[in-house]
Amino acid sequence: MVLSKTASESDVSIHSTFASRYVRTSLPRFEMPENSIPKEAAYQIINDELMLDGNPRLNLASFVTTWMEPECDKLMMESINKNYVDMDEYPVTTELQNRCVNMIARLFNAPLGDGEAAVGVGTVGSSEAIMLAGLAFKRQWQNKRKAQGLPYDKPNIVTGANVQVCWEKFARYFEVELKEVKLREGYYVMDPEKAVEMVDENTICVAAILGSTLTGEFEDVKLLNDLLVEKNKQTGWDTGIHVDAASGGFIAPFLYPELEWDFRLPLVKSINVSGHKYGLVYAGIGWVVWRTKSDLPDELIFHINYLGADQPTFTLNFSKGSSQVIAQYYQLIRLGFEGYRNVMDNCRENMMVLRQGLEKTGRFNIVSKENGVPLVAFSLKDSSCHDEFEVAETLRRFGWIVPAYTMPADAQHVTVLRVVIREDFSRTLAERLVADFEKVLHELDTLPARVHAKMANGKANGVKKTEEETTREVTAYWKKFVETKKSNKNRIC
């Protein structure tokens with residue numbers, strides 16, 4: 001006798017994933033669903049939506065690492081359930097973080113003796129690292145002003161207008177005036193002379209950028225240091241420098257070892273660097289190191305014992321994963337100085353291939369320098385019909401994500417495209433990208449100019465057209481364009 005049973009709606013074991021009721025109805029987006037769903041269905045629903053994201057490897061807007069070796073991926077997954085803050089429970093992870101801090105501090109030429117421990121901490125990125133460094137400068141400045149019986153309620157910090165938004169966040173969140181050195185066309189980094197002119201008795205520090213987000217250019221930290229040394233002698237102040245080396249900190253020591261930008265300069269008191277950029281670790285790790293212990297006020301360091309032994313902590317957050325710390329240590333010992341130098345050399349070579357390919361098109365002005373972070377920033381020589389934003393938008397059809405943006409004040413009239421070269425951007429991809437740029441330019445050349453551009457040209461020529469006239473003109477242009485395309489197609493057929 002054959003036994004059988006009728007399949008109920010709730011018996012999902014006999015349904016294929018896409019035949020189940022869980023993918024036939026929309027899930028709530030703003031409220032938690034009332035009932036559970038099978039793990040397979042939950043995975044498939046989320047995975048399907050994530051397919052609409054861009055491909056991280058083709059995201060050329062980002063400096064953040066998008067590829068690591070399988071062995072490191074494995075280490076990260078094996079430690080994903082470790083809370084880094086539980087130092088007493090995970091002492092080896094804590095030791096690995098301390099090793100990273102010491103390796104990075106020595107890479108930046110911190111004045112440390114044999115066996116002397118460096119002062120620094122791992123963070124969730126350079127934004128947190130900058131907040132911590134800024135707080136240290138602010139507290140140092142306040143303590144000195146209090147001891148001298150001077151007002152300490154109006155601190156300021158001097159930066160270039162090209163700084164990343166985290167500096168604006170620091171200034172706003174921690175009530176520090178942000179004094180920005182404006183840019184100008186052709187000079188898109190902070191001018192050291194103008195920066196030092198803006199320094200006054202309330203300046204907690206000057207922030208220099210080693211690798212501008214806009215163009216990848218290194219600011220002249222050596223000149224800034226020398227000018228500031230002279231001003232400190234004349235005024236009796238002791239204004240220091242923080243170097244935001246988020247992008248360039250893991251590049252300069254390997255490609256430009258003779259460049260003086262780090263703790264070799266006496267006024268550089270702290271440096272931050274992003275492990276998840278050219279430190280070659282997935283997103284979620286940054287580092288900040290101080291020149292000496294005296295540059296980090298003791299009152300900013302907290303001590304806790306409710307997780308076990310006494311634990312010093314200086315972070316803005318508390319709990320965080322251990323995976324990125326372990327991954328950073330893996331990269332440092334796996335690659336060593338030789339390996340990092342090879343990776344950075346390769347990035348720079350591929351940057352030059354892309355740069356030269358774009359120059360050969362004859363359509364672009366290269367804005368970025370050859371030295372600095374391996375990226376290419378460039379603008380159209382002629383944007384009267386189509387601009388950089390249209391190029392970036394059209395390029396997405398080929399899978400590439402390339403940002404277009406305007407420069408900060410006082411160069412906001414300049415628009416650029418930017419391609420960041422990372423470890424996983426190969427020579428083949430560089431050549432393919434140039435070919436796709438040529439296809440995009442050819443396609444845009446066959447299209448009419450955007451309506452707003454035509455109207456802007458009309459206004460510039462002093463001809464003000466009515467809305468009806470503009471509509472009629474654009475309609476006629478498109479009609480002619482479509483007829484031409486049909487005629488060409490018939491000839492090809």
Side-chain angles (χ1 to χ4, degrees), residues 50-69 188 211-217 247-248 250-251 255 274 276-278 280 282-283 342-383 385-407 414-447 450:
L50 289 174
M51 288 193 302
L52 299 175
D53 271 345
N55 184 336
R57 293 279 305 277
L58 300 182
N59 178 10
L60 306 182
S62 178
F63 294 81
V64 176
T65 297
T66 53
W67 178 87
M68 296 185 73
E69 293 175 327
Y188 303 113
S212 169
T213 301
L214 303 175
T215 63
E217 188 174 351
S247 298
F250 277 111
I251 294 172
L255 293 185
S274 291
H276 60 222
K277 292 182 180 176
Y278 289 93
L280 309 180
Y282 291 139
N342 289 339
V343 170
M344 302 312 153
D345 275 336
N346 188 54
C347 288
R348 189 178 186 282
E349 289 174 6
N350 288 332
M351 178 270 290
M352 292 302 298
V353 169
L354 178 62
R355 181 188 180 99
Q356 292 164 5
L358 292 173
E359 287 177 327
K360 286 180 180 178
T361 66
R363 304 289 294 273
F364 297 108
N365 289 316
I366 306 298
V367 175
S368 54
K369 309 290 185 184
E370 290 187 8
N371 295 334
V373 177
L375 63 79
V376 185
F378 50 101
S379 59
L380 286 167
K381 289 182 177 180
D382 180 7
S383 57
C385 293
H386 300 281
D387 59 20
E388 289 80 3
F389 295 98
E390 291 176 77
V391 173
E393 180 182 340
T394 309
L395 202 58
R396 273 184 173 254
R397 296 218 316 269
F398 295 88
W400 305 105
I401 302 173
V402 174
Y405 53 88
T406 55
M407 291 292 192
V414 179
T415 304
V416 299
L417 295 147
R418 187 196 66 207
V419 174
V420 178
I421 309 300
R422 299 189 302 270
E423 177 187 15
D424 54 349
F425 187 79
S426 65
R427 184 73 52 89
T428 301
L429 287 179
E431 294 169 349
R432 180 62 178 265
L433 179 58
V434 171
D436 287 344
F437 263 112
E438 292 175 336
K439 292 175 184 176
V440 166
L441 293 171
H442 177 72
E443 181 176 335
L444 289 176
D445 287 342
T446 66
L447 297 175
R450 289 273 174 101

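None of the values given here were measured: they were computed from a predicted structure.
- When every heavy atom of Leu447 is checked against every heavy atom of His386, the shortest pair comes out as O-NE2, 3.2 Å.
- For the pair Ile421 and Tyr278, the tightest heavy-atom approach, listed with the atom from each and the gap, is O-OH, 2.7 Å.
- Arg363 pairs by the side-chain contact (heavy atoms from CB on, under 4.5 Å) definition with Thr361, Leu441, Asp445, not counting sequence neighbours.
- Between Leu417 and Val391 there is a side-chain heavy-atom pair separated by less than 4.5 Å.
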Please test Glu443 against Val440 for side chain to side chain contact (heavy atoms under 4.5 Å, CB included), starting from the C-alpha separation and ending with a verdict.
CA-CA 5 Å; Glu443 181 176 335; Val440 166; 5.7 Å; no
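- Applying the side chain to side chain contact (heavy atoms under 4.5 Å, CB included) test between Leu358 and each of Asn365, Val419, Val376 identifies Val376 as the sole match.
- When the ring-ring contact (aromatic ring centres under 6.0 Å, His included) test is applied to Phe437, the partners found at least two apart in sequence or on another chain are Phe364, Phe378.
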Test Lys277 against Phe250 for side chain to side chain contact (heavy atoms under 4.5 Å, CB included), laying out the working first.
CA-CA 8 Å; Lys277 292 182 180 176; Phe250 277 111; over 6 Å; no
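- Contact of the Thr406 side chain with the Thr415 side chain is registered, since non-hydrogen atoms from C-beta on lie closer than 4.5 Å.
- Here the side chains of Leu58 and Ile401 are not in contact, with every heavy-atom distance at 4.5 Å or above.
- Between Glu388 and Ala404, the closest heavy-atom pair is O-CB, 3.7 Å.
- Residue Thr215 comes nearest to Ala377 through the heavy atom pair CA-CB, 4.4 Å, listed as atom of the first residue, atom of the second, then distance.
- The two residues Glu370 and Met351 come nearest to each other via the heavy atoms O-CE, 3.3 Å.
- Scored by the side-chain contact (heavy atoms from CB on, under 4.5 Å) test, Leu429 finds Trp400, Phe425, Ser426 as partners (sequence neighbours excluded).
- Annotation for Ser379 and Val367: closest pair OG-CG2, 4.1 Å, computed over non-hydrogen atoms.
- Note on Arg348 versus Asp345: no salt bridge recorded, every NZ/NE/NH1/NH2 to OD/OE distance being 4.0 Å or above.
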